[in-house]
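Shown next, in structure tokens, is the structure this report addresses.
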Amino acid sequence: MPTFLDPQKLRDPTAGARYLLGAVIERRLDDGTILKGRIAETESYHQSDPASHTYRGPSARNAAMFGPPGHAYIYFTYGVHWCFNVTAGVEGEGAGVLIRAIEPLAGIERMREFRKGAPDAQLTNGPGKLAQALAIDKMLYGHDLRQPPLQVYDAGNVKASSITTATRIGIRLAADELLRFYITDSPYVSKK
DNA sequence: GATAAGATTAACT
DNA sequence: GTTAATCTTATCC
């Protein structure tokens, strides 16, 4: 029996970002195909963080992050890419964890189709890439991650000694904060 | 109503 | 290393 995420462990978004490393994302496509991936890299965003979409308070865009933890916050950026986050914090608090990279575990053939042309090593090693590989878009905005067709399972903790802490990628504000975490020896990390 | 910037990626030179 | 792609949201008129 797979174990679902414990929302209690997402109440602190930074502890939640560490907790989500090693967790397994399961995506069920409309035709029944199952895609799976192990989370290899995450970033934490909290409400008093100038780099967070929730910094200026609730809005239509960021509403999911102010809801209960363990749901999907999905946003579109640079006119091109969808990015997938797991909501964190307590209800009413705007926080989330960006999933930056996963290791493909199942359904890799389908991921190659969705990521047309990309070599295997670059299938899911970035936030926009993994969303494309798993066919995640705004249809899943606010989705409860305990329910199909998009679920996240707790696969046991990754050893603290195998987690690397680093600065976040692609942000302008609070760029020095060490709020990015990745599995040190994973080949699917977006950037060392 | 208009405009600037963005939690990115891929295709260039 | 540089830049285009492409569009939503926020933040102003």
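First the proteins, then the strands, lettered A, B, ... as listed; each starts at 1.
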Contacting residues from residues 121-134 of chain A, given that a heavy atom lies under 4.0 angstrom of DNA chain B: G126(A), P127(A), G128(A), K129(A)
Contact letters for nucleotides 5-13 of chain C, in which S counts primed atoms plus P, OP1 and OP2 and B counts the base, heavy atoms under 4.0 Å: BBB-SSS--
Positions of residues 84-115 of chain A (non-hydrogen atom under 4.0 Å from DNA chain C), listed by number: none
ILVMFWY clustering at 4.5 Å (side-chain atoms), partners of V189(A): Y182(A)
Polar side-chain atom of S190(A) near backbone of G126(A) as donor-acceptor pair, under 3.5 Å: no
Nucleotide pairing, DNA chain B (Watson-Crick or G-U, distances under 3.5 Å), in dot-bracket with [ ] and |: ||||||.|||||.
Pairing of D12(A) and R18(A) as salt bridge, 4.0 angstrom limit: no
Sub-4.0 Å heavy-atom contacts from residues 9-22 of chain A onto DNA chain B, ordered by number: none
Residue pairs, two or more places apart or on separate chains, that pass salt bridge (Lys or Arg N to Asp or Glu O under 4.0 Å) and touch residues 116-127 of chain A: R112(A)-D120(A)
Residues from residues 179-192 of chain A lying under 4.0 Å of DNA chain B - heavy atoms: none
Acceptor/donor pairs from residues 63-77 of chain A side chains to any protein atom, 3.5 angstrom cut, sequence neighbours excluded:
from, atom 1, to, atom 2, distance (Å)
H71(A), ND1, G142(A), O, 3.2
Y73(A), OH, H53(A), ND1, 2.7

Charged N-O contact under 4.0 Å between R180(A) and E41(A): yes
Distance-only side-chain donor-acceptor flag, D31(A) / T33(A), under 3.5 Å: yes
dA4(C) to dA4(B) separation - P atoms, rounded to the nearest Å: 16 Å
T184(A) side chain vs S162(A) backbone, donor-acceptor pair below 3.5 Å: yes
Whole-Å P distance, dA2(B) and dT6(C): 22 Å
Listed once per pair and sorted, the salt bridge (Lys or Arg N to Asp or Glu O under 4.0 Å) pairs that draw on residues 143-158 of chain A, sequence neighbours left out: D144(A)-R146(A)
Exercise: do S186(A) and E103(A) side chains pair donor with acceptor under 3.5 Å: yes
Polar side-chain atom of E43(A) near backbone of I169(A) as donor-acceptor pair, under 3.5 Å: yes
Interface limits on DNA chain B, where chain A has a heavy atom under 4.0 Å of a nucleotide atom: dG6(B) to dA10(B)
Contacts of type ring-ring contact (aromatic ring centres under 6.0 Å, His included), residue F4(A), not counting sequence neighbours: Y153(A)
